Amino acid sequence: MTDRLYVGSRKGLFELARRDGAWEIADAHFLGDPVSAVLAAADGTVHAALDLGHFGAKLWRCDGAGAWQELAAPAFPPKPDDAGDDPHPWSLGKIWALEPGGVPGRLWAGTMPGGLFRSDDDGQSWSLVETLWRRPERRQWGGVAGGEQPGISAVLVDPRDPADIRLGVSTGGVWASEDTGASWRLINEGMYAEYMPPERRTDPVAQDVHMLARCAARPEIVWCQHHNGVFRSTDAGARWGEVTAIRPSKFGFAVACHPRDPDTAWFVPATKDERRIPVDGKLVVARTRDGGRSFEPLSRGLPQRHAYDIVLRHALAVDGEGERLAFGSSSGGLWISEDGGESWTMPEARLPPIAVVRFAADEN
Amino acid sequence: MPTVSFTPALERFLKAPAATVEGATLGEALAQIFAAKPALRSYLLDDQGGLRRHVAVYVNGAPVRDRARLSDPVGARDEIYVFQALTGG
């Protein structure tokens, strides 16, 4: 069980520690700078991605002793002449997902405008996964998050097999590789997109996959918070069934899956789609423990009047045991649970808008 | 030789002192800066070598025209000023 939690916000990275049974802010890094992704390894190493408004996307690494160093951020190769009609820029917008690759030194970075990057030296250097970037379907990916650029929101590596990867693309469907990224398949049969014209509703590349979560112990089980609903796959993303029991609403961004129990998952629903606020101004976490057949709205400790907090894709986290959860909101709210979501407490802080919440990896 | 100076806003991230450089174009002038300080490049230019969208460069008080290829001519007495375009938040 980990006692360290990282919160990436619009104006800095906050490090929380659990002391005497309570969580408190132990340190703050990059104050004033937007943080778009964070990854905290069990050995104390932390990678943090910044999204500087003027000066671009940056990547920093903190060694186990607490010293930060800037690394070279992922960069696109020179745009070839025959790519002139590419609708997306060959330039890094921001790092949206940072994930361990399952072997020492390997990291994956999912980015806007949709490039997947790989590092085999713990983030010192990066290369674009051109096998994906050059797929013709990539040009059909659509922009998200108020911008024109698509983004790879989820990079999920099978804990049993580092060659087996699933990507969630917003907007661009679910992608699979079984050979460490040498080749890719667009999968996700069974999703539908309410926002598309009728003839393209089931087009796999048109699916706005807000976020994916994969069960660590049963990686064939994958949950998806989609733009217009919740879906679950029992075959590692090839086929999906809609989870219609989600309450109080089916719109949301984030999803977390219990690391050992593939039937338990958490969501933070909101009024769809045009309004994007909690239903009736009540902030709740929706938990299922039966594979999505039923959901409980968990509200103890969460604001139930005039709460307008939205929880973005990377702002809901569960620890390696499945008991501790944390989420942060677009209004700067931060709540932590130590009992699987039954009850929540808020550390003493008024934080900037939160983009990412992540526990340090377990030390065992 | 043109001089290049930088917004103090960069100082939070890395040192960027003013410098006098050789070069007949903005790109050539900046290339000399980056040769001495490689880390500065990605703060000012995007992956394709153009000026970042929210970075502004003026020569003698006027904005440069070619933000993609940095081909604006610069002369020996020109002053190049690199600063941040104003954005809110």
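In this text the structure is predicted, and so the values were computed from the model without any measurement. Every chain is numbered from 1 and lettered A, B, ... according to where its sequence line falls, protein lines coming before strand lines. Note: hydrogens, waters and symmetry copies are ignored here, and every other heavy atom, side chains too, is used.
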*Under a 4.5 Å heavy-atom cut-off, does chain B meet the side chain of A:P34, its backbone, both or neither?*
neither

*Relative to each other, are the rings of A:H54 and B:H54 parallel, tilted or perpendicular (30° and 60° limits)?*
perpendicular

_Are there over 12 heavy-atom neighbours, none belonging to B:E79, within less than 6.0 Å of that residue's CD?_
no

*asked:* Donor-acceptor check, side chain of A:K58 to backbone of B:S42, threshold 3.5 angstrom: yes or no?
replied: yes

_B:D47 versus A:L92, closest heavy-atom pair with distance_ = OD2-N, 2.9 Å

*In Å and rounded to the nearest 0.5 Å, what is the CG to CH2 distance from B:D46 to A:W90?*
13.5 Å

*Of the backbone (N, CA, C, O) and the side chain (C-beta and beyond), which part of A:P89 lies under 4.5 Å from a heavy atom of chain B, both, or neither?*
neither

_Whether the side chain of A:S91 engages the backbone of B:Q48 through a donor-acceptor N/O pair (distance < 3.5 Å, no angle test) should be reported._
no

_At a 4.5 Å cut-off on heavy atoms, which part of A:L50 comes close to chain B: side chain, backbone, both, or neither?_
neither

_Counting C-beta onward and ignoring hydrogens, is there a side-chain heavy-atom pair between B:Y43 and A:L52 closer than 4.5 Å?_
yes

*Are any of the side-chain heavy atoms of B:T7 and A:F55 separated by less than 4.5 Å?*
yes

_Proximity breakdown for A:L31 and chain B, heavy-atom pairs closer than 4.5 Å_ = backbone

*Is it the case that more than 12 heavy atoms not belonging to A:R135 sit under 6.0 Å from its CZ atom?*
yes

*Salt bridge or not for A:D33 and B:R12, using N-O below 4.0 Å?*
yes

*Around A:D85, counting heavy atoms of other residues, nucleotides and ligands shown, do more than 12 lie under 6.0 Å from its CG?*
yes

